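Below is one structure, written out as structure tokens; the observations come after it.
Just so you know, residue 1 is the first one in the sequence shown, and it goes up from there. Note that the structure is predicted; figures quoted are calculated from it, not measured. Read the numbers this way: they start at 1 and go in the same order the structure lists the ligands and their atoms.
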Amino acid sequence: MEFKIIAEYFDRLEKISSRLQLTSLLADLFKKTDTNVIDKVVYIIQGKLWPDFLGMPELGIGEKFLIRALSIATGVSDDEIEKMYKSVGDLGQVAFDIKQKQQSASILAFLGAQKASKPLTVEKVYDDLTKVATSTGEGSRDIKIRLLAGLLKDASPLEAKYLVRFVDGRLRVGIGDATILDALAITFGGGQNFRPIVERAYNLRADLGNIAKILANGGIEQLKNIKPQPGIPIRPMLAERLSDPAEMLNKVGNLALVDYKYDGERGQIHKAGDKIFIFSRRLENITNQYPDVVEYISKYVKGNEFIVEGEIIPVDPETGEMRPFQELMHRKRKSDIHEAIKEYPVNVFLFDLMYYEGEDYTVKPLSERRKKLESIVEDNDYVHIATHIITDNVEKLKEFFYQAISEGAEGVMVKSLAPDAIYQAGSRGWLWIKFKRDYQSEMADTVDLVMVGAFYGKGRKGGKYSSFLMAAYNPDKDVFETVCKVASGFTDAELDDLQKKIAELKRDSPHPRVVSTMVPDVWLTPVLVAEIIGAEITISPLHTCCKDQYGEGGLSIRFPRFIRWRPDKSPEDATTSREILEMYKSQLKKIEEKPSDQNV
Ligand code: ATP
């Protein structure tokens, strides 16, 4: 398949922002894509060469390096390219301009008689970029430059533009996973109504390339029968939140399995023969960070092929007591993994089983999943089943909640034992409800928001970006809607660090997936996710979260304060607009329920 087709579609996609148009144009591109490269085309659209969970190296090409390759390919000096880059601000555009100029000059000079170079194919681009990403050791620098220069030499102006942007990690065609799922449903199912089948498959195997390949080869029927596959992560099941224990029991059908809610790192642990993989909350491959966990699982969990889930918790090796979550961060910062393991030992508390020896457990009720999980874990000091009770009693639930907190847990998870309480991969629902310590604020819980813009500070913070436009995720529209501007809670060091990140993420115009009425000093590509607490949620004409809901404006968080970064969350894992709406409604309810002398 010619790479030209992709470049032309990227050019068209970049110019539109309507989700509907994006989807149908993408579906069009999929129709034109050869079956044997459809997975590669999907990864390229996602701005990567392979899914993150493989833990394969990234391209990791700096701008200087890219300029060098462009210079070799075009004969224009590095200095000249650098100058053009400074004035244009987009290296892809610079590549386009240079190639365009050279092309018209050569056409004029040779009146088209010059021998055309062989057209670039997707296979060639993909293979060469794979070599660029994976070559290591002595001489690899030269090999990488040579390969990149070779591709750029053969590229048309438009191809060069998108090649450079891809390598630079700035593809900017504004397509999220949700849009890719829609387009796949249209191309291979015939319409949007097939979206639930495609989405379910993606929830069980979070690899859009793999899903596209199955669809292209076997059609929608084959996708219907898909099962989880050890080695490919399952999108995690997520919990709703409530603060009234009676309401929680009621919601799950009055009988619940109540687990401690551990405050560590979520780990989805896969065993496939003699291989063990650990995937994080955002499905990155974190196996290398936990060789101790790999060892414990292979020793103490029976079976040849399985997928289990649990929380990895720092513990005091002397007493077995839980240690604060921050210790995992310290552990990650240590360069010597063996030292890290010794200094910050961990235990695993398993709470679910999704696959066992060829059988899909996601479709079975929690009672069955838990029974099987208990039967495969051998008694030991390192891997445990989450501490739990089964109850229908509100007082027992409260007692257990306080016990959990006194032992260092964050609260409890109330889980439905109904016959249809399956593992809802990739979705947040009422089958699991989280009951957390109160943060002593009107806002009962923190939210995780995406940074989409930044403002310059005044006074002591003059000249620095010091307040930030934050947004919630709206999965229905696949966009980010603003909720607040946060300026407090950052340490000086965190602010300094953030300046560097902003330099990498800043852009002149809003990202196509950001919906905002406020205009910050710089827009940011939505990547950074921060945990935020505020005083309360109000309606404000300045913000766009759930704007269609209330005529006067969107929902906004008053007095927001930064708590910490959430590198374990992708922007699509941020708190959703609907969740903020639910929080707003329950806050209203709380105010209405207060005795009248307090309600002033
Ligand atoms: P979410 O994961 O729901 O988006 P979050 O990452 O902000 O939210 P919390 O709101 O603290 O996390 O709650 C959910 C997380 O709790 C899960 O992702 C999981 O890592 C953790 N957890 C701890 N103990 C359990 C348990 N027993 N069952 C399920 N999840 C648990």
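Looking at residues two or more places apart in sequence or on another chain, you find no ring-ring contact (aromatic ring centres under 6.0 Å, His included) involving H543. Legend: residues meeting salt bridge (Lys or Arg N to Asp or Glu O under 4.0 Å) with E368, ordered by chain and number and at least two apart, are K364. Under the salt bridge (Lys or Arg N to Asp or Glu O under 4.0 Å) criterion, D207 pairs with no residue, sequence neighbours left out.
Around ligand 1 you find L238, D259, Y260, K261, Y262, R266, R281, E311, F351, E410, M413, K415, R428, W432, K434, K436, D448, R566, K569, each with a heavy-atom distance below 4.0 Å.
By the 6.0 Å and 45° rule, K261 does not stack over the aromatic ring of F435.
A donor-acceptor pair shorter than 3.5 Å cannot be found between the side chains of T23 and D182.
By the 30° and 60° cut-offs, the orientation of the rings of F490 relative to F468 is perpendicular.
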